[in-house]
Amino acid sequence: MNYTLYKKGLIFDDAPHLEMQLSKSEMKDMLTRSNAYLIRNVYDFDCQNETSFWYVIKDTFDGFAELSSKTRNQIRRAQKTLDIGLVDKQLIIDQGYEVYVSSFQKYKYKSNSLPSRDVFIKALQFCLPGEQFWGCTDKSNGKLIAYAHNSIQDNVCHYCLMKAIPQYLSAYYPYYGLIYSMNEYYLNVLGLNYVSDGARSLTNHSNIQPFLIEKFKFRKAYCMLSIQYTWWLSFMIKGLFPLRSVIKNNMVKALLLQEEMARNSR
């Protein structure tokens, strides 16, 4: 089964529509054979019922016709001031770290553990087949002000990462130009099944998913969610769950929110 370890949790490492429901015995066996603390099983992708868990996806593209006049104007502004398109990874290696670090200034929850430049560059060296980079560079000086890191897998494009220097957001509108161009390329030119910004956020550290839904007609593909924990984490979750409204630690809050989503999926 194609699951990978991420932050001590086993999660499906393929296009979300391919994940199938696991039995409790299968999940327990996978936990026993790994160093994970939990396994997350998301199934019945894009089901008809509205559930507490979803992926944010877009599977149609109708150009400017589907967008508001304000959004169209902001895209045109981006296209006028920026060169937007697929870029070589070397550009991200050379200029991406400044964009990456600067982008955290606008997050609700600041990170105290940002990687060093060396770690950032080293991670870029190990990109897998299907991974692509997009860049927004200032036409006047070639400066990279925003970029995206995407991954194509099983006829689906995952928008893995989008970063921009905050002071350019309101004048250059890089996200508007970037998202429009990527949607057009992956859905219209390549004809992929859908593009995805991932599963429902547990931390709400950025507003990108509501932004995509409101401005670019992404939608919620509802799913069912099941979680299996190691014995000690299960004991902790059960004890803390009634106190979830007063918990301050962001990591624990995220775990308890995910548990609430899973309970509401039953």
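- At distances below 3.5 Å, at least one donor-acceptor pair connects side-chain atoms of Thr51 with backbone N or O atoms of Cys223.
- Between Asp29 and Arg33, at least one side-chain nitrogen of the basic residue sits less than 4.0 Å from a carboxylate oxygen of the acidic one, meeting the salt-bridge criterion.
- Closest approach of Ile84 and Ser181 over heavy atoms only: CG2-OG, 3.8 Å.
- In this structure, Tyr55 has its ring center at least 6.0 angstrom away from the ring center of Phe218.
- In this structure, the side chains of Arg72 and Tyr180 stay at 4.5 Å or more apart for every pair of heavy atoms.
- A ring-centre distance under 6.0 Å is not found for His149 and Tyr159.
- Side-chain contact annotation: Asp118 with Ser116, donor-acceptor N/O pair under 3.5 Å absent.
- Glu19 and Asn41 form a side-chain donor-acceptor contact under 3.5 Å, judged by distance and modelled atom types alone.
- Here the side chains of Phe104 and Lys163 are in contact, with some heavy-atom distance below 4.5 Å.
- Checked for salt-bridge contact, Arg219 and Asp59 meet the test: a charged N lies under 4.0 Å from a carboxylate O.
- Looking at Asp46 and Lys220, no side-chain N of the basic residue comes within less than 4.0 Å of a carboxylate O on the acidic one, giving no salt bridge.
- Using cut-offs of 30° and 60° for the angle between ring planes, the Tyr100 and Phe120 rings count as tilted.
- Lys215 forms no cation-pi arrangement with Tyr175, by the criterion of a distance under 6.0 Å to the ring centre and an angle within 45° of the ring axis.
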Candidate pair Lys253 and Glu260, rule salt bridge (Lys or Arg N to Asp or Glu O under 4.0 Å), full reasoning: CA-CA 10 Å; Lys253 284 173 62 176; Glu260 184 175 10; over 6 Å; no
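- A side-chain donor-acceptor contact under 3.5 Å links Gln95 to the backbone of Leu144.
- Residue pairs satisfying the ring pair (Phe, Tyr, Trp, His ring centres under 6.0 Å) criterion with at least one member in residues 231-266, sequence neighbours excluded, are listed as follows: Tyr37-Trp232.
- Ile165 is linked by a side-chain contact (heavy atoms from CB on, under 4.5 Å) to Glu98, Val99, Ser102, Lys143, Gln167, Tyr168, counting only residues two or more places apart in sequence or in another chain.
- Residues Tyr185 and Gln132 bring no donor and acceptor atom of their side chains to less than 3.5 Å of each other.
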Apply the test side-chain hydrogen bond (donor to acceptor under 3.5 Å, both in side chains) to residues Gln48 and Tyr222: give CA-CA distance (whole Å), side-chain angles for both, the deciding distance (0.1 Å), then the verdict. CA-CA 7 Å; Gln48 297 301 310; Tyr222 292 104; over 6 Å; no
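- Tyr147 and Phe133 have their aromatic ring centers separated by at least 6.0 angstrom.
- Put simply, the side chain of Leu225 reaches to within 4.5 Å of the side chain of Arg40, judged on heavy atoms.
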